[in-house]
Amino acid sequence: MDILITIAIFIIILFGFTRLMGYRNKNITLELDDRYTNLTEHAKAVTEELEKEGKKVEYQGDGYFLVDGEQYVMHGRNIAMGGVPLQRTILEPVEK
């Protein structure tokens with residue numbers, strides 16, 4: 001019984017971590033080379049990265065993007081991977 005509870009807790013923690021990191025079905029997750037504190041510079045870097053991937057991108061302001069005809073909102077996450085800070089950018093689809 002203890003093993004089943006341990007496995008269930010592990011699955012719940014893993015599920016929560018993957019959602020926090022932005023790994024969802026329609027999200028676009030980017031790890032950029034530099035860290036950005038200015039929204040304008042961050043948006044420019046995201047636009048350049050997505051264009052390198054062959055996507056049609058238009059920045060609409062205030063963290064909103066139009067990527068291949070779908071609207072997304074940008075969220076930044078700062079995490080430590082092996083003691084090194086990493087800035088992950090997540091573009092989530094806007095619900096209509």
Side-chain angles (χ1 to χ4, degrees):
M1 185 68 168
D2 290 337
I3 294 173
L4 292 176
I5 293 172
T6 304
I7 291 172
I9 291 173
F10 178 74
I11 290 172
I12 291 169
I13 290 171
L14 183 64
F15 179 74
F17 180 73
T18 56
R19 287 185 57 87
L20 177 68
M21 297 307 293
Y23 295 117
R24 292 190 204 157
N25 202 11
K26 293 189 175 186
N27 286 0
I28 300 171
T29 305
L30 302 171
E31 292 178 7
L32 303 174
D33 293 333
D34 296 321
R35 294 180 54 81
Y36 299 94
T37 55
N38 183 327
L39 179 61
T40 305
E41 292 175 8
H42 194 173
K44 183 179 176 185
V46 168
T47 301
E48 290 173 1
E49 185 66 27
L50 290 173
E51 286 174 346
K52 283 182 195 175
E53 293 179 7
K55 298 185 186 296
K56 183 179 176 189
V57 183
E58 178 185 333
Y59 181 60
Q60 299 178 322
D62 291 331
Y64 287 90
F65 290 84
L66 192 63
V67 180
D68 292 337
E70 292 189 42
Q71 190 172 25
Y72 289 84
V73 63
M74 178 176 70
H75 299 285
R77 301 263 197 273
N78 293 309
I79 56 172
M81 297 294 273
V84 177
L86 174 70
Q87 184 176 31
R88 175 168 283 165
T89 303
I90 302 166
L91 298 177
E92 293 182 0
V94 174
E95 299 293 325
K96 294 180 181 180

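A quick note: this is a predicted structure, and the numbers were derived from the prediction, not measured.
How far CD of Glu49 is from CD of Glu31: 10.5 Å, rounded to the nearest 0.5 Å. Considering CG of Asn27 and CG of Leu91, their distance stands at 8.0 Å, rounded to 0.5 Å. With rounding to the nearest 0.5 angstrom, the NZ atom of Lys52 is 12.0 Å from the OG1 atom of Thr47. Once rounded to the nearest 0.5 Å, the distance linking CG of Leu50 with NZ of Lys56 reads 14.0 Å. For the atom pair CD (Glu58) and CG (Asp68), the distance works out to 12.0 Å, reported to the nearest 0.5 Å. Here the CG atom belonging to Leu30 is positioned 8.0 Å from the NE2 atom belonging to His42, to the nearest 0.5 angstrom.
Under a cut-off of 6.0 angstrom, the local environment of CG in Asp62 is sparse, with at most 12 non-hydrogen atoms contributed by other residues, nucleotides or ligands. By the 6.0 Å contact criterion, CD1 on Ile3 is open, its count of non-hydrogen atoms from other residues, nucleotides or ligands being 12 or less.
Among residues at least two apart or in separate chains, ring-ring contact (aromatic ring centres under 6.0 Å, His included) pairs with a member in residues 63-88 are Tyr59-Phe65.
Side-chain atoms of Leu39 and Met74, non-hydrogen and from C-beta on, do get closer than 4.5 Å to each other. At least one side-chain heavy atom of Tyr36 sits under 4.5 Å from a side-chain heavy atom of Asp34.
Side-chain N or O atoms of Asn38 include one that pairs as donor or acceptor with a backbone N or O of Thr40 at under 3.5 Å.
Gln71 pairs by the side chain to side chain donor-acceptor pair (under 3.5 Å) definition with Gln60, not counting sequence neighbours.
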